[in-house]
Amino acid sequence: MSQRTKIKALLQSQQTDIDVTVKGWVRAFRSNRFIALNDGSTNNNIQIVVDFENTDPALLKRITVGAALSVQGKLIASLGKGQTVEVVATDIEILGDSDPDKYPIQPKKHSLEFLRENAHLRFRTSTFGSIFRLRNSLAYAVHQFFQERDFVYLHTPVITASDAEGAGEAFHVTNFDLDNIPKTDTGEVDYKQDFFGKSTNLTVSGQLEGELGAMALSDVYTFGPTFRAENSNTTRHLAEFWMIEPEVAFNDLNDNMDLAEDMLKYVIKYALDKCPEDIEFLTQRLQEEEKQKPQNERSDMSLVEKLQFCLDNDFERLTYTEAIEILKESTPNKKKKFVYPVEGWGTDLQSEHERYLVEKHFKKPVILTDYPKDIKAFYMRQNEPDAQGRETVRAMDILFPGIGEIVGGSEREERLDRLEKRMDEMGIPKDELWWYLDTRRFGSCTHAGFGLGFERLVLFVTGMGNIRDVIPFPRFPKNAEF
RNA sequence: UCCUGAGUAGCUCAGCCGGUUAGAGCAUCUGACUGUUAAUCAGAGGGUCGCUGGUUCGAGCCCAGCCUCAGGAGCCA
């Protein structure tokens, strides 16, 4: 049997009247004559023309939606409209039948909720084909960006004993028989008898270990799964997600912002260059979806335009303190339209405030810096108090339209005395993090890094609305199917 | 976890004020047609009305509890 040609290549073929073998899954079978065949190499189908009058009727009956086919035939310039080339079949082999009575994916619009429940088959829809090809390209672009800059891809542990970062609830990892958990004399769980001899959990961040690598390799990044046991039921959170965490020695906060902005623009540009058809398809999809919304809620830019806009404009950079002033003076705040009115300095911004800044005030991605020290993590570098004695840290959050926080990072506190003092204040156990503090004891230096939620990036680039639709098999409360 | 809404055929949904045999479109099956593009036309099959309990002569509809889903909020990436 001759080697199969991918459908993407066939559709781009400059040659016609050549013999080809094509394999894929039936998307539609019309008029007993036209098969729309797809193999996932592109969103577009190749049309197979069947000589139904000279084909066994029993075979024709088995050409159903979802069936896997191998087709031999001749690639010709299409005789019909709607496609440039088509394959006139000379031989069709059914590789795998698909019972039309039971196959859940029909050649029609399905709700995203329904497809989520059929996540094992949703790859076979145009929307999810596009999403996962884009996800792949974005992941590749992330590596390419860092590799071009001589970063070291560092594999930080998935199982860890440190729950110290305070990045959220962690999933416990244990080998105990849960019906018979060893206890100490005082009635507490005796982790000494567990596999690792101590309490362990799935990582909530590779940052602390990333810092260890950066303090020798200079420029490192991680890109791996991360776990949060928060009971979050939103369109922006997953219990298992992929995070990208660069950590760079000798970088300060400004270098850190430059790196994050460059990286985001790089990967978005890569996706635009590499997957124009998929982005075009998802642009159409979003347009259809927006038609359902009332006029005032519709976006004034299409998906492609939004992505291009993101490349063409510098992200707006301002401090938390400046943002608070803008929000205080904003129309919705004065007209008491915010659920949480902006009054004082020192509280965290609510989603509605971030959205106002990004979507209404600046109308582009925003980087907020220098947050109040009390609402941020212990490892962030402390600024000197300002004239009013307000204490801030060298933190930065990148806010994207429709997504909210996509990146969170900071310059790290490299001064041992300041770091230890802060850990004491926040009740972080120094003895457990002795190894982290060692980096400040031996050759400490300025360094900075950030965390990028990969799925949030995919959400932005695909224009999808729910994070559960941009990861193949989403993990979230009450759901671990597939 | 909180707030709001939803759960009726394989899918998307309608179902009046509580009243006889629960409907439509698409999908599926049968037949017709055959250069179709979500093909078209005719016919047929298909239901534990989320689950449990309650009110009532009578519940898809009212009440309570639970489960699941969606949107928003919090936590964050």
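Excluded from the calculations below are hydrogen atoms, water molecules and symmetry mates; all remaining heavy atoms, backbone and side chain alike, are included. Chain identifiers are assigned alphabetically (A, B, ...) following the order of the sequence lines, protein sequences preceding nucleic acid strands; residue numbering begins at 1 within each chain.
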Would you classify [X] as touching base, sugar-phosphate or nothing, given that sugar-phosphate means primed atoms plus P, OP1 and OP2, and contacts are heavy atoms under 4.0 Å?
X       : answer
S78(A)  : base
R468(A) : sugar-phosphate
E352(A) : nothing
V339(A) : nothing
N466(A) : sugar-phosphate
L457(A) : nothing
N231(A) : base
F241(A) : base
K61(A)  : sugar-phosphate
K478(A) : sugar-phosphate
P104(A) : nothing
Y340(A) : sugar-phosphate
E113(A) : sugar-phosphate
G451(A) : sugar-phosphate

If pairing requires Watson-Crick or G-U wobble contacts with both distances under 3.5 Å, which nucleotide is the partner of [N]?
N      : value
A14(B) : none
C2(B)  : G72(B)
U34(B) : none
U55(B) : none
C66(B) : G50(B)
A27(B) : none

Between [N] ([atom2]) and [X] ([atom1]): distance, integer Å:
X       : N      : atom1 : atom2 : value
E289(A) : A70(B) : CD    : C1'   : 13 Å
N45(A)  : U36(B) : CG    : P     : 18 Å
F114(A) : C13(B) : CZ    : P     : 12 Å
Y371(A) : C76(B) : OH    : C1'   : 12 Å
L264(A) : A77(B) : CG    : C1'   : 12 Å
D348(A) : G74(B) : CG    : P     : 9 Å
N118(A) : C69(B) : CG    : C1'   : 14 Å
D51(A)  : U34(B) : CG    : P     : 15 Å

Using the [atom1] atoms only, state how far [M] lies from [N], rounded to an integer number of Å.
N      : M      : atom1 : answer
G71(B) : G35(B) : P     : 44 Å
C66(B) : U28(B) : P     : 41 Å
C49(B) : G15(B) : C1'   : 11 Å
A14(B) : C29(B) : C1'   : 25 Å
U8(B)  : U48(B) : C1'   : 12 Å
A64(B) : A6(B)  : P     : 14 Å
A59(B) : C3(B)  : P     : 31 Å
G5(B)  : G43(B) : P     : 42 Å

Can you find a donor-acceptor N/O pair under 3.5 angstrom joining the side chain of [X] to the base of [N]?
X       : N      : value
E230(A) : U1(B)  : no
R33(A)  : C33(B) : no
Q83(A)  : U36(B) : yes
S232(A) : C76(B) : no
H110(A) : C11(B) : no
E86(A)  : G35(B) : yes
R30(A)  : A38(B) : no
N233(A) : U1(B)  : yes

Would you say [X] reaches [N]'s phosphate, i.e. side-chain N/O to OP1/OP2 under 4.0 Å?
X       : N      : answer
R236(A) : G72(B) : no
T234(A) : G71(B) : no
S31(A)  : A39(B) : no
R116(A) : A70(B) : yes
Q106(A) : G10(B) : no

Going by distance alone, is a donor N or O of one side chain under 3.5 Å from an acceptor N or O of the other, for [X] and [Y]?
X       : Y       : answer
N254(A) : N256(A) : no
E411(A) : Y379(A) : no
T42(A)  : E277(A) : yes
Y340(A) : E352(A) : no
Q284(A) : E288(A) : no
R468(A) : N479(A) : no
D469(A) : N466(A) : no

Given C76(B), U37(B), C69(B), the nucleotide with the shortest approach to the side chain of N479(A):
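Of the candidates, C69(B) comes closest.
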Considering the options F145(A), Y140(A), F146(A), which one meets the ring pair (Phe, Tyr, Trp, His ring centres under 6.0 Å) requirement together with Y266(A)?
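By the ring pair (Phe, Tyr, Trp, His ring centres under 6.0 Å) criterion, Y266(A) pairs with just one of F145(A), Y140(A), F146(A): F145(A).
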Can you name the nearest heavy-atom pair linking W25(A) to G66(A), along with the distance?
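Residues W25(A) and G66(A), closest heavy atoms: CD1-O, 3.5 Å.
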When the nearest nucleotide of RNA chain B is assigned to K109(A) and to S351(A) on a heavy-atom basis, which residue is associated with the more 5' position?
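Nearer the 5' end of the strand: K109(A).
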RNA chain B: D101(A) or A28(A), which has the more 5' nearest nucleotide?
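Closer to the 5' end of RNA chain B: D101(A).
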Is the shortest heavy-atom distance from the side chain of L282(A) to the side chain of E280(A) under 4.5 Å?
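When only atoms from C-beta onward are counted, E280(A) and L282(A) do not touch, as no gap falls below 4.5 Å.
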